[in-house]
Protein chains: 2
Amino acid sequence: MRLNLHTDYALRILMYLATKSDQASVDEIAGAFRISRNHLMKVARSLVELQLIEARRGRSGGFALAVAPEAINVGFVVRKLESLESFVECFDRGSNNCPVAGACGLQGALNGALAAFLDKLDEYMLSDLLPDRNRFLRQLKAFDQAPNSPKTSPIAA
Amino acid sequence: MRLNLHTDYALRILMYLATKSDQASVDEIAGAFRISRNHLMKVARSLVELQLIEARRGRSGGFALAVAPEAINVGFVVRKLESLESFVECFDRGSNNCPVAGACGLQGALNGALAAFLDKLDEYMLSDLLPDRNRFLRQLKAFDQAPNSPKTSPIAA
DNA sequence: TTATAGATGTATCTCAAATACCACTTAATG
DNA sequence: CATTAAGTGGTATTTGAGATACATCTATAA
């Protein structure tokens with residue numbers, strides 16, 4: 001049981017953009033966290049489709065929050081990005097091949113537990129994840145200047 | 001985000017043994033659900049190590065519950081079988097490479113949500129998952145006799 | 001006005017981990 | 001002692017994360 005990296009990265013993008021309160025390119029964000037630029041781009045696409053961020057193409061383009069951090073719900077993001085229909089085989093009507101479906105309380109128990117999980121996340125807005133934005137930026141900057149740092153250093157700007 | 005098949009299978013073994021309230025071989029259980037015998041054996045091993053079931057080798061051997069269904073907690077099983085330290089990168093002190101650890105509230109939020117998930121499962125005992133054991137057995141039997149059924153039919157016995 | 005740099009966007013390949021399968025060994029009992 | 005079942009190690013397969021490469025768009029500088 002693992003949160004998809006896709007969702008993890010999505011939340012990092014949102015936190016980064018919220019902290020910067022300005023647009024940023026995928027290269028910048030990928031460099032800041034030292035993660036795959038191309039994978040991050042795919043994640044950013046998902047966020048665009050969810051209308052949580054906006055993309056501007058071309059030179060001086062980038063991504064920016066489309067909604068205020070106070071209005072972005074963490075549970076919403078996780079619900080949208082995690083394909084919870086396949087949390088366990090019997091959740092997926094299509095591929096379910098479990099012979100005891102209906103006679104087994106596991107489905108209901110897991111469903112309730114998953115609901116509790118999401119309900120808890122619903123209590124958080126993006127802004128709640130960033131209690132100290134200065135510290136957030138400071139740590140990213142320190143990381144950028146640490147050994148093994150990527151060639152680009154757009155954070156310093 | 002998916003529950004490992006390993007955990008799913010573990011719960012199926014437990015439910016099967018509880019319903020039968022007798023010992024059963026891995027072949028029997030694998031046949032009943034039409035899932036991999038060898039994989040299921042590995043899962044059964046995990047349950048033996050957790051002392052939830054007992055193994056008897058040799059002819060007329062098999063697996064049987066080591067604890068009453070009313071005393072096996074679903075949350076306990078899931079906690080033991082799912083490696084939740086790697087639920088998200090920053091949970092694992094060893095491999096965590098996130099530069100904003102400490103300045104980011106995501107870790108706390110996810111931790112709380114995961115706790116809510118497990119707490120919910122703690123409300124269920126194995127016996128709660130089996131409200132109608134006759135129906136459970138009936139469906140398994142029907143599945144066994146359906147087309148594409150495996151050659152062995154130990155359920156009929 | 002046009003070339004170019006800097007950005008988003010997309011198609012495809014590689015690799016690792018989870019899962020499934022296979023062959024074999026060991027143990028117990030009828 | 002033959003049979004049935006647990007137990008083990010190794011190998012194939014599948015799936016999704018991540019990497020690579022390339023295509024497309026647009027502001028800006030010459």
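First the proteins, then the strands, lettered A, B, ... as listed; each starts at 1.
Contact annotation: A:R57 does not reach the phosphate of C:dG9 (side-chain N/O to OP1 or OP2, under 4.0 Å). When the side-chain nitrogen and oxygen atoms of B:S25 are compared with OP1 and OP2 of D:dT4, none of them lie within a distance under 4.0 Å. Between B:R56 and the phosphate of C:dT29, there is a side-chain N or O to OP1/OP2 separation shorter than 4.0 Å.
Between the CG atom of A:L81 and the P atom of D:dA17 there is a distance of 12 Å, given to the nearest Å. Taking atom CD on B:E49 and atom C1' on D:dG7, their separation rounds to 11 Å, with Å as the unit. Summarising the geometry, the separation between CZ on B:R45 and C1' on D:dG9 is reported as 14 Å, rounded to the nearest angstrom. Atom CD in B:E89 sits about 9 Å away from atom P in D:dG18, given to the nearest Å. Atom P of nucleotide C:dG6 and atom CD of A:Q23 are separated by 15 Å, given to the nearest angstrom. Distance A:D27 CG to D:dA19 P: 14 Å, rounded to the nearest Å. Rounded to whole Å, atom P of D:dG7 lies 12 Å from atom CG of B:L40. In this structure, A:F63 places its CZ atom 14 Å from P of D:dT26, rounding to the nearest Å.
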Q | B/S/- contact track for nucleotides 13-21 of chain C, protein heavy atom under 4.0 Å | A | ------SSB
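One finds the CZ atom of A:R79 at 7.5 Å from the CG atom of A:N73 (value rounded to the nearest 0.5 Å). Rounding to the nearest 0.5 Å places CG of A:D128 at 12.0 Å from CD1 of A:I72. Note that the CD1 atom of A:I53 and the CZ atom of A:R45 stand 8.5 Å from one another [nearest 0.5 Å].
Judged purely by atom type and a 3.5 angstrom limit, A:E82 uses its side chain to pair as donor or acceptor with the backbone of A:N4. Put simply, the side chain of B:Q23 gets close to the backbone of B:S60: a donor and an acceptor are under 3.5 Å apart. Side-chain N or O atoms of A:R34 include one that pairs as donor or acceptor with a backbone N or O of A:F143 at under 3.5 Å.
You'll find that the side chain of A:R59 is closest to D:dA27, out of C:dT8, C:dA28, D:dA27.
No side-chain heavy atom of A:L110 sits under 4.5 Å from any side-chain heavy atom of B:V74.
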